[in-house]
Amino acid sequence: MSRYNFQETEKKWQAAWTAKDCFAAGTDKSKPKYYVLEMFPYPSGRIHMGHVRNYTMGDVVARYKRARGFNVLHPMGWDAFGLPAENAAISQGVHPAKWTFENIATMRDQLKGMGLSLDWSREIATCHPEYYRHEQRMFLEFLERGLVYRKESWVNWDPVDQTVLANEQVIDGRGWRSGALVEKRKLAQWFFKITDYSDELLTALDSLDRWPAKVRIMQENWIGKSQGARVFFSLAGRSDKLEVFTTRPDTLFGAAFCGISPNHPLAAELAAKDPALAEFIAECNRMGTSEATLEAAEKKGYDTGLKAMHPFVDGWELPLYVANFVLMDYGTGAIFGCPAHDQRDLDFANKYKLPVKPVVCPRDQDAATFKITDTAFTDDGVIVNSDFLNGLDVPGAKAAAVKRLEELGAGQGTTVYRLRDWGVSRQRYWGCPIPVIHCAACGIVPVPKSDLPVKLPEDVTFDKPGNPLEHHPTWKHVDCPACGKPARRETDTFDTFIESSWYFGRFCSPRSDAPVDRSEVDYWLPVDQYIGGIEHAVLHLLYSRFFNRAMKAVGYVGIDEPFAGLFTQGMVCHETYKDAAGNWLLPQDLKKDGSKLVSVKDGGAVTVGRSEKMSKSKKNVVDPSYIIETYGADTARWFIISDSPPERDMEWTEAGVEGAWRFTQRIWRLVDGWMTAHPGLAGLSSLPGGNVPADALALRRTVHKTVAGVTDDIEKFRFNRAVARIYELANALSDVKDAALTDARGLAVRAEALRVLVLLISPAMPHLAEELWARLGQSGLVAETAWPEIDPALVKDESVTVAVQVNGKLRATLELPRDLDKAEAERRALGDANVRRALDGKAPKKVVVVPNRVINVVI
RNA sequence: GCGGGCGUGGCGAAAUCGGUAGACGCACGAGACUUAAAAUCUCGAGUCCCUCAAGGACGUGCCGGUUCGAGCCCGGCCGCCCGCACCA
């Protein structure tokens with residue numbers, strides 16, 4: 001018996017697919033289309049298991065949809081701008097472009113080795129001027145339409161590296177690379193007006209019914225719509241007013257203090273004359289700016305000595321603090337604190353001995369005795385201690401308070417969003433240049449569209465800290481397009497999220513002279529099935545939703561939502577290993593010594609740690625190429641979809657890979673064995689008419705039920721269940737005796753079973769499927785063969801197993817005809833020996849009959 | 001802190017309509033084949049009681065509730081994970 005040789009076979013069929021151009025998206029726009037897209041990779045060097053999982057899932061869907069008759073677009077490209085290329089330039093002295101394109105070449109080869117059904121003719125790399133010139137053009141068009149503006153904003157500044165740092169690059173207040181104390185700086189930057197679409201981006205989430213609820217909730221929270229009021233507090237001894245935002249105007253009579261953000265302009269003004277305050281602000285800024293940090297941190301404040309005047313009560317003065325938990329970027333950067341009904345305010349008040357006056361009383365409490373000590377009361381109740389608001393409920397009091405504020409000119413009802421505009425300026429080299437020119441006379445002048453693209457200069461150095469575009473001797477010096485005098489190019493580049501905000505549109509017409517070809521995007525968009533990591537739940541997906549709307553506003557596309565269906569996959573995890581000295585070890589650096597694991601290098605003991613997301617830093621990585629070379633792409637693909645539900649984290653194990661490997665061999669032996677024992681099977685592709693004997697009918701039922709189940713599972717992304725059903729089918733086929741089903745009809749039924757088996761495994765194991773298809777004597781490629789049809793009559797069994805319970809406990813199972821009359825089912829259940837014994841002579845009080853499922857006898 | 005999710009055998013899991021808990025796979029055990037091993041094939045298996053069988057009790061993180069019936073619904077706990085604005 002021959003053995004399946006994946007090394008030759010996988011290459012052979014990959015070549016066959018390429019030769020016939022099987023996976024190019026079709027041009028016939030009368031066919032129903034299906035656009036399946038996996039999040040394109042950053043070319044970091046080599047593919048990792050997360051890619052394998054992502055692209056296998058996409059490929060299963062793409063191959064399945066093709067077999068179902070769809071015109072499938074399944075493209076691939078490279079998210080090729082980004083910081084790692086610059087880090088490589090700094091540490092290895094290699095140019096970012098060279099590093100990036102070499103990585104792309106390596107990873108392209110690796111992806112091809114996986115046998116993915118991609119349309120490689122549409123490949124794009126976002127760092128190519130042929131790609132980024134279009135976003136420069138769109139930027140200018142957005143600018144004309146008022147969707148882009150410039151303003152100053154705070155950044156984390158590393159004074160040694162002379163660069164802006166992401167929050168995650170700030171560790172304990174220091175730059176991750178330089179170790180220098182990070183400063184807050186204000187920088188003029190470009191912003192996209194995503195907030196123009198706040199409400200629309202929020203409302204439209206309801207229409208995304210094929211998105212995970214989790215992602216929609218995350219976006220909803222991110223946008224963070226809240227209704228409330230702006231309140232203007234007069235400041236004693238000053239002419240300006242303090243503008244505060246609150247969602248709880250109903251609790252104004254419970255106010256104990258006002259607080260402003262350390263970054264509030266008033267705080268800066270006061271700090272200029274108060275060194276202690278300046279030091280307090282500096283301390284706050286060292287702590288980091290993320291909401292999580294702020295809200296978990298101890299509440300601290302600095303009493304400015306200023307007094308804010310209560311808007312409703314003449315002469316009521318509230319102390320004004322600079323408070324570390326007040327965010328400058330949300331609302332107005334200033335709050336009033338009502339300790340009784342906000343936990344943060346209560347913590348703050350308790351620390352600074354401020355009064356805690358309840359103004360909302362729970363309905364089951366007595367207002368006279370109701371006290372707040374450690375836990376704020378934030379639910380609805382009756383308003384008390386609040387003058388004209390007394391007796392109202394919370395919503396009523398909010399409305400009444402806003403009305404009074406507006407009458408007094410002391411405030412107004414308002415809606416605020418947590419969503420902030422999208423800052424797109426980056427002080428980096430390896431990104432798309434922002435196409436504007438700064439002229440001393442004319443101000444900001446857009447680069448004329450005829451001068452696009454503004455290409456990155458290639459001759460740059462990374463030996464100095466800061467942005468290489470700043471250091472370049474000539475690049476930034478240009479003449480002003482408006483007045484002709486010497487001027488200066490913008491040296492900032494775009495956030496790389498811009499590239500990924502429209503690449504799915506570019507794939508529809510990747511060589512078009514325009515950003516997108518309208519007739520192509522009108523056909524292909526939206527993406528029917530988008531697949532990627534949950535880590536992109538908010539930023540990438542929200543930016544893309546915004547960018548698509550901006551493109552619609554300037555006429556490039558006609559739809560609002562770019563991704564009709566979204567699936568977020570779980571991570572690939574692996575056990576972690578440490579040697580005796582506490583160093584992380586690669587899985588391949590271990591060997592088995594008896595029942596223990598030891599280090600290959602020195603034979604020392606190895607500690608096995610918990611399974612965690614594969615990461616280079618913990619060395620718990622397995623190289624996909626190693627797996628593909630050792631076991632083949634089909635084995636890797638099969639294993640990665642077989643064990644865990646795709647949305648959940650999965651654990652990569654050697655044993656699991658081995659199991660998948662054995663299955664490929666088993667399928668091969670099964671088909672090969674049948675073909676050897678029954679040469680008449682070759683080339684059979686239809687069933688003769690007439691009655692089918694019972695054993696053949698049973699096999700056909702199994703086959704057709706499997707097709708129905710697997711089809712349903714793939715449609716619903718339950719790949720692990722589809723795999724289990726295919727195992728069951730394989731088990732059933734293995735049980736067929738050699739001597740059975742040997743007449744013409746029997747052979748035809750056998751041939752049908754084998755064809756179905758091969759077609760069902762083909763989305764996940766395409767190479768093996770092609771090889772077996774040929775072995776079956778079938779013509780053409782599986783890649784071009786339709787999905788098997790189901791005979792509905794074979795999917796429903798004639799009899800069903802019904803559980804019989806007595807008082808809810810299982811006492812017997814009965815084999816009953818499907819849809820048997822309820823009374824008859826009850827009669828048979830009561831006649832069963834086990835049931836009678838359980839009844840113990842007692843008469844049933846009631847019998848619940850659920851047809852085809854369960855009968856419960858209650859005594 | 002706020003928001004969301006998860007918790008089922010030794011392990012990954014299935015049961016997604018409130019109706020036989022543990023399909024399928026991994027690991028394990030016994031046997032067959034073999035000089036032997038690997039590979040392969042057959043059989044077994046939630047835990048406990050019972051010599052075996054028949055049968056029974058218990059069992060889906062914990063405590064309670066609703067129901068003829070709860071892994072699934074409700075309330076309260078416990079534990080773990082994820083997100084919270086310049087990594088991509």
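Here is the naming used below: chain letters follow the sequence lines, and residue numbers restart at 1 for every chain.
- With both ends at atom C1', the span from G65(B) to G3(B) equals 28 Å, rounded to whole Å.
- Side-chain N/O atoms of K809(A) include none lying less than 4.0 angstrom from OP1 or OP2 on G56(B).
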Step-by-step side chain to side chain donor-acceptor pair (under 3.5 Å) determination, S226(A) to Y330(A)
CA-CA 11 Å; S226(A) 32; Y330(A) 180 73; 2.6 Å; yes
Can you check salt bridge (Lys or Arg N to Asp or Glu O under 4.0 Å) on D712(A) and R721(A), steps first, answer last?
CA-CA 10 Å; D712(A) 190 43; R721(A) 284 226 324 207; 5.1 Å; no
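- Regarding contacts with the backbone of A88(B), every side-chain N or O of R428(A) stays at 4.0 angstrom or more from both OP1 and OP2.
- The distance from atom CD1 of I534(A) to atom C1' of C84(B) is 14 Å, rounded to the nearest whole Å.
- Residue R669(A) places at least one side-chain N or O under 4.0 Å from the OP1 or OP2 atom of C41(B).
- Heavy atoms of W422(A) sit nowhere under 4.0 angstrom from any nucleic acid atom.
- The N221(A) side chain lies nearest to G3(B) when the options are A14(B), G3(B), G56(B).
- A donor-acceptor pair shorter than 3.5 Å can be found between the side chains of D819(A) and N852(A).
- As judged by a 4.0 angstrom heavy-atom cut-off over every strand, P41(A) is placed among residues making no nucleic acid contact.
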Taking Watson-Crick and G-U wobble contacts under 3.5 angstrom, with | marking pairs to another strand and [ ] crossing pairs, the secondary structure of RNA chain B is written (((((((..(((......[....))).(((((.......))))).((((.....))))..(((((..]....))))))))))))....
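- Nearer the 5' end of RNA chain B, as judged by each residue's closest nucleotide, is the contact made by E651(A), out of E651(A) and S425(A).
- V847(A) comes within contact range of no nucleotide atom at all, as no heavy-atom separation falls under 4.0 Å.
- Scanning all heavy atoms of the two residues, the minimum distance from Y55(A) to M39(A) falls at OH-O, 2.9 Å.
- In this structure, the nucleotide among A85(B), C58(B), G55(B) sitting nearest to the side chain of N834(A) is G55(B).
- Between W652(A) and F639(A), the ring centre distance stays below 6.0 Å.
- Taking side-chain N and O atoms only, R648(A) has a distance below 4.0 Å to OP1 or OP2 of A13(B).
- Atoms CG and CG, on L419(A) and N221(A) in that order, are 12.5 Å from each other to the nearest 0.5 Å.
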Please evaluate residues K193(A) and D421(A) with respect to the criterion salt bridge (Lys or Arg N to Asp or Glu O under 4.0 Å), reporting the C-alpha separation (whole Å), side-chain torsions for both, the decisive distance (0.1 Å), and the verdict.
CA-CA 5 Å; K193(A) 287 199 87 175; D421(A) 276 331; 5.7 Å; no
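- Annotation: side chain of V835(A) is not in contact with side chain of I855(A) (no heavy-atom distance under 4.5 Å).
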Along nucleotides 17-26 of chain B, 5' to 3', which nucleotides get a B, which get an S, and which get a -, given that the test is a protein heavy-atom distance under 4.0 Å?
--BB--BSSS
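- The phosphate of G56(B) (OP1 or OP2) has a side-chain N or O of R811(A) nearer than 4.0 angstrom.
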